[in-house]
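Notes follow once the structure below has been shown.
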Amino acid sequence: MNFKHLISWFLASVLTLAAFVSCSTSPIERTIRTALLTGDTTQTQFDSIASIIKGNAEQYQFLLNENGEINAEALNALIKKVGSSVRPPMSWDISKFVSKPLSLSIYFERSGSMVPYDTSTGSGQLKKAVNDLINFFPEHENVSISIVNDDIYPYQGSIESFLQDRNIYASTASIGNPSYTDFNLIFNKILEAQSEGNISVLVTDMIYSPSNTQGVSATKIFNEENSLATAIFRRYKGKSVILNQLTGDFSGTYYPYNNNSFTFNGTRPFYLLMIADTKVMDRIAADPDFHNFLTPAEAEHSFRFNQAEAEVSYSVIPDWELNRGRFRISRSDKSTLTNCEGDRQTDVFSFAIAADLKSLNKDEDFLTGTENYTVESQNGFKIAITPIEPQMINGNTREILRGKSHIIAVTGTLKSPRDEVTISLRNEFPQWIRKATTANDTNPAAPDFAWTTFGLSNFMEGIFMAFSSGNDRYASITIKLMK
C-alpha cells in the first residue's frame with residue numbers, strides 16, 4: 001500500500017469511527033446510559049425517555065411503531081446495547097412501563113343548573129372547553145361521551161356531531177332527569193367503568209344537588225357530600241384526581257340549595273374533574289403531547305389530588321451559576337453528592353436541582369412558594385424555586401434541563417461530615433378551593449356569587465381525606481451530602 005492509499009485508508013477509518021461514536025452517543029443513548037448508571041429505572045425516567053423519542057420522531061423513527069407509540073422491542077434492544085457498553089454490564093426491563101393505548105371518557109352533566117352555560121347569546125366557554133378536551137387528546141379515536149344527571153346515559157351522536165353541535169343542551173333535552181345530579185351513583189359508575197389507560201372527565205358545576213333537599217340545612221348537605229366523597233374514593237385504590245376551574249357565561253335559571261330559583265346573567269365557574277390511575281396521570285403529565293389536554297389554557301386554577309406520594313423527575317446540575325463551593329455527583333447514585341466543600345471565602349455551600357414540578361399539576365404560585373415546602377437537614381439548608389426559562393437552556397444545559405420545569409437552589413453551610421437534605425412539597429388542601437366555596441348561594445347580588453360554588457370544598461375535602469391517609473408529603477426529593 002503506497003503512502004497516498006495509506007492516508008486515504010486512515011481518513012476513511014477515522015470518518016467511520018467518528019460516525020460510529022456520533023451514533024453511539026445520541027441524546028437518547030446518553031439518557032439511557034445515565035439512567036442505568038444512576039439506577040433511575042423508574043416510570044418517570046421511562047416517560048422522560050419516551051417524550052424525547054416522540055419529540056424527535058423523525059430522528060428516532062426506528063423506536064416508534066406505526067401508531068407513533070414506543071416500539072418496546074426496538075427500545076429494549078437499544079437499552080441492551082447501551083447496557084452492554086458499561087462496566088459492569090447493566091440491564092433494564094421496560095416491559096411494565098410500556099403502556100397500552102389511552103382512552104378518554106367524557107361525562108357531560110346535563111342538569112338544570114348547567115343548561116345556562118351554553119345559550120346562543122353567550123360566548124360558549126363551556127362547550128369550547130369540552131371540544132378542546134377532545135381535540136387535544138392525541139388518541140382521538142378512543143373517545144366516548146356520556147350524558148349524566150340522575151344516571152349515566154350514552155350520547156347518541158358521533159364525536160364529530162358533538163363537536164359541531166351549537167346547542168348541545170337542546171340536542172340532549174330528552175336524556176335523563178335534569179332536576180338533580182346523583183353524585184353517589186355517577187362517581188361509582190365512573191370509577192367502576194375505568195379500564196387500564198382510561199382517563200375520565202366529568203364536566204360539571206360541582207354543585208352537589210341530590211333530590212328532595214327542600215328544608216334541609218346547608219350544613220347537613222355539606223356533611224353528607226363530604227362523607228359521600230370519602231366513602232366513594234376510598235374504595236378505589238391508586239387513583240389521581242385533577243380539578244380544573246374555568247369560568248363561563250351563564251344566562252338563565254339558577255337553582256340554589258333551598259330550591260327558590262332565580263334568573264342570573266353573568267359569569268359562573270365550572271369544572272373539569274379528571275380521574276385516572278396515578279400511573280396514567282404520571283404518564284400523560286410527562287408527555288408534552290398531552291399538555292394542552294391536561295392543563296386547559298382557560299383554566300384559572302388547577303390542583304391534583306394523589307393517593308400516594310408523587311414521583312418527581314430531577315437531576316442535580318453539576319455546573320450552575322447558583323452553585324457555591326465544590327461537589328461531585330456520585331456515579332452510582334444521582335442523589336448523593338461527594339467531596340462537598342463550601343466556598344473558601346464565605347463557607348457557603350449551594351447546589352441547584354433541575355426538577356419537573358409541572359407534572360404535579362399545581363398553580364405556578366403554589367409551586368414557587370417556598371412556604372409550601374418543608375426542608376429537613378442537620379445544617380438548616382434553605383431553598384429558592386424559580387421556573388426554567390427558555391434562555392436558560394443552551395448547549396451546556398440542554399440535556400440536563402430537558403423535561404424539567406423548575407430550578408431548586410439549595411443553600412446553607414455544611415458544618416457536619418454528612419447531611420441529608422429532604423425537600424418536601426406539603427400535602428395540604430389548596431386554599432383556592434376554600435376561597436371558591438360558598439355556604440349560601442341564594443343571593444345573586446352577593447359580591448362573591450359570580451366566582452364561588454356552593455359546597456365545593458366539602459366534596460373535594462372528602463376526596464382529599466380519602467387520598468391523604470395521614471401522608472403529609474405530596475412529593476419529596478432527598479439529596480445526601482458527604483464531605
Side-chain angles (χ1 to χ4, degrees), residues 34 37-40 42 44-45 48 309-360 362-389 391-394 396-428 431 471-483:
T34 300
L37 291 174
T38 60
D40 188 9
T42 61
T44 301
Q45 184 62 271
S48 178
E309 190 171 324
E311 190 177 90
V312 175
S313 174
Y314 69 90
S315 298
V316 176
I317 310 176
D319 185 18
W320 191 252
E321 59 184 1
L322 300 176
N323 291 354
R324 297 289 182 270
R326 299 178 180 178
F327 63 83
R328 291 180 183 173
I329 302 174
S330 170
R331 291 190 65 183
S332 60
D333 182 5
K334 71 170 185 176
S335 65
T336 296
L337 307 184
T338 64
N339 301 87
C340 298
E341 181 183 328
D343 182 81
R344 292 182 179 180
Q345 295 183 337
T346 64
D347 208 27
V348 171
F349 179 70
S350 298
F351 60 93
I353 303 169
D356 180 21
L357 301 182
K358 278 292 186 185
S359 64
L360 300 178
K362 299 187 185 301
D363 293 345
E364 186 63 38
D365 290 343
F366 187 89
L367 292 175
T368 55
T370 55
E371 69 277 6
N372 299 317
Y373 295 78
T374 298
V375 183
E376 302 169 82
S377 69
Q378 294 180 40
N379 293 277
F381 280 87
K382 298 184 181 301
I383 63 170
I385 304 170
T386 55
I388 293 176
E389 303 293 344
Q391 63 269 23
M392 297 179 181
I393 303 174
N394 53 46
N396 296 325
T397 64
R398 181 171 286 106
E399 188 169 339
I400 202 163
L401 297 186
R402 188 193 303 270
K404 309 299 192 300
S405 63
H406 290 76
I407 300 294
I408 305 175
V410 185
T411 305
T413 304
L414 187 59
K415 299 176 182 178
S416 56
R418 295 171 180 265
D419 202 349
E420 190 170 280
V421 183
T422 298
I423 304 160
S424 302
L425 183 61
R426 290 197 293 273
N427 191 27
E428 296 179 348
Q431 288 301 312
N471 184 13
D472 61 355
R473 294 181 179 181
Y474 188 87
S476 62
I477 297 171
T478 296
I479 305 295
K480 299 174 184 176
L481 308 177
M482 301 170 59
K483 282 192 172 181

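Ile479 has its side chain out of reach of Val410: every pair of non-hydrogen atoms, C-beta onward, lies at least 4.5 Å apart. Taking 4.5 Å as the limit, some side-chain heavy atom of Val421 sits within range of a side-chain heavy atom of Leu481. Counting heavy atoms from C-beta outward, Thr413 and Asn379 have side chains that stay 4.5 Å or more apart. Annotation: side chain of Lys362 is not in contact with side chain of Asn372 (no heavy-atom distance under 4.5 Å). Using a 4.5 Å cut-off on side-chain heavy atoms (C-beta onward), Tyr373 and Ile408 make no contact. Side-chain atoms of Ile423 and Ile353, non-hydrogen and from C-beta on, do get closer than 4.5 Å to each other. Contact of the Glu420 side chain with the Gln378 side chain is not registered, since no non-hydrogen atoms from C-beta on lie closer than 4.5 Å. A heavy-atom distance below 4.5 Å is not found between the side chains of Thr386 and Thr368.
Atom NZ of Lys334 sits in a crowded spot, with more than 12 heavy atoms from other residues, nucleotides or ligands closer than 6.0 Å. Heavy atoms of other residues, nucleotides or ligands lying less than 6.0 angstrom from CZ of Arg331 number 12 at most.
To the nearest 0.5 Å, atom OG1 of residue Thr34 and atom CD of residue Gln45 are 8.0 Å apart. Rounded to the nearest 0.5 angstrom, Lys404 NZ and Asp356 CG are separated by 7.5 Å. To the nearest 0.5 Å, atom OG of residue Ser476 and atom CD of residue Glu311 are 10.5 Å apart. Separating the NZ atom in Lys358 from the OG atom in Ser313 is a distance of 15.5 Å, to the nearest 0.5 Å. Atom NZ in Lys480 sits 12.5 Å away from atom CG in Asp419 (nearest 0.5 Å). With values rounded to the nearest 0.5 angstrom, Lys415 atom NZ is found 10.0 Å from Lys483 atom NZ.
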Evaluation steps, side chain to side chain contact (heavy atoms under 4.5 Å, CB included), between Asp333 and Thr38: CA-CA 5 Å; Asp333 182 5; Thr38 60; over 6 Å; no
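Heavy-atom minimum distance, Thr422 versus Ser424: CG2-OG, 3.6 Å. In this structure, Ala384 and Thr370 approach most closely via the heavy-atom pair CA-CG2, 4.2 Å. Shown here for Pro387 and Met392, the closest heavy-atom pair between the two residues is O-CE, 3.5 Å. Counting all heavy atoms, side chain and backbone alike, Thr336 lies closest to Met482 at CG2-SD, 3.9 Å.
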Going by atom type alone, with no hydrogens or angles, which donor-acceptor pairs under 3.5 Å involve a side-chain atom of residues 344-351 and a protein atom two or more places apart or on another chain?
unit_1, atom_1, unit_2, atom_2, d
Thr346, OG1, Asp343, OD2, 3.2
Thr346, OG1, Val348, N, 3.3
Ser350, OG, Thr411, OG1, 3.2

Output side-chain donor-acceptor pairs under 3.5 Å for residues 316-324, partner residues at least two apart or in another chain, one line each.
unit_1, atom_1, unit_2, atom_2, d
Asn323, OD1, Ala352, N, 3.0
Asn323, ND2, Ile317, O, 3.1
Asn323, ND2, Pro318, O, 3.4
Arg324, NH1, Glu321, O, 2.8

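Side chains of Arg328 and Thr338: a donor-acceptor N/O pair is absent below 3.5 angstrom, by distance only.
None of Leu367, Ile407, Leu357 except one satisfies the side-chain contact (heavy atoms from CB on, under 4.5 Å) rule with Ile385; the exception is Leu357.
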